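Keep in mind that this is a model prediction, so the values were computed, not measured. Values below: all heavy atoms of this structure, side chains included; hydrogens, waters and symmetry mates excluded.
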Amino acid sequence: MPKNLIIHNLEVRFQVEGDDGALFARLFTKHIQAWARLYEEECARAERSDNDRKLGGGGR
């Protein structure tokens with residue numbers, strides 16, 4: 001995994017009325033899952049790249 005992401009402190013504040021809290025939760029979940037998928041794909045690419053370099057640039 002790439003080790004170039006460090007979050008020391010994260011604070012999120014939002015104010016909602018009515019059923020907007022459920023909407024926020026759905027949207028947050030959707031987007032955090034998309035971010036996580038992209039991050040995992042980047043980690044896998046980095047690992048494959050490292051493995052290729054260890055093998056002298058050999059095939060997949």
Which donor-acceptor pairs under 3.5 Å do the side chains of residues 5-12 make with protein atoms, sequence neighbours left out?
| unit_1 | atom_1 | unit_2 | atom_2 | d |
| --- | --- | --- | --- | --- |
| Glu11 | OE2 | Arg13 | NE | 2.4 |
| Glu11 | OE2 | Arg13 | NH2 | 2.7 |

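Ser49 and Arg53 form a side-chain donor-acceptor contact under 3.5 Å, judged by distance and modelled atom types alone.
We find that Arg37 and Glu40 are not joined by a salt bridge, their nearest charged nitrogen and carboxylate oxygen being 4.0 Å or further apart.
Hydrophobic cluster membership differs between Ile32 and Leu38, with clusters built from Ile, Leu, Val, Met, Phe, Trp and Tyr side chains linked at under 4.5 angstrom.
Counting side-chain heavy-atom gaps under 4.5 Å among Ile, Leu, Val, Met, Phe, Trp and Tyr, the cluster of Leu23 also holds Leu27.
Looking at heavy atoms from C-beta onward, Asn51 lies in side-chain contact with Glu47 at the 4.5 angstrom threshold.
Residues passing the side chain to side chain donor-acceptor pair (under 3.5 Å) test with Thr29: none are found, sequence neighbours excluded.
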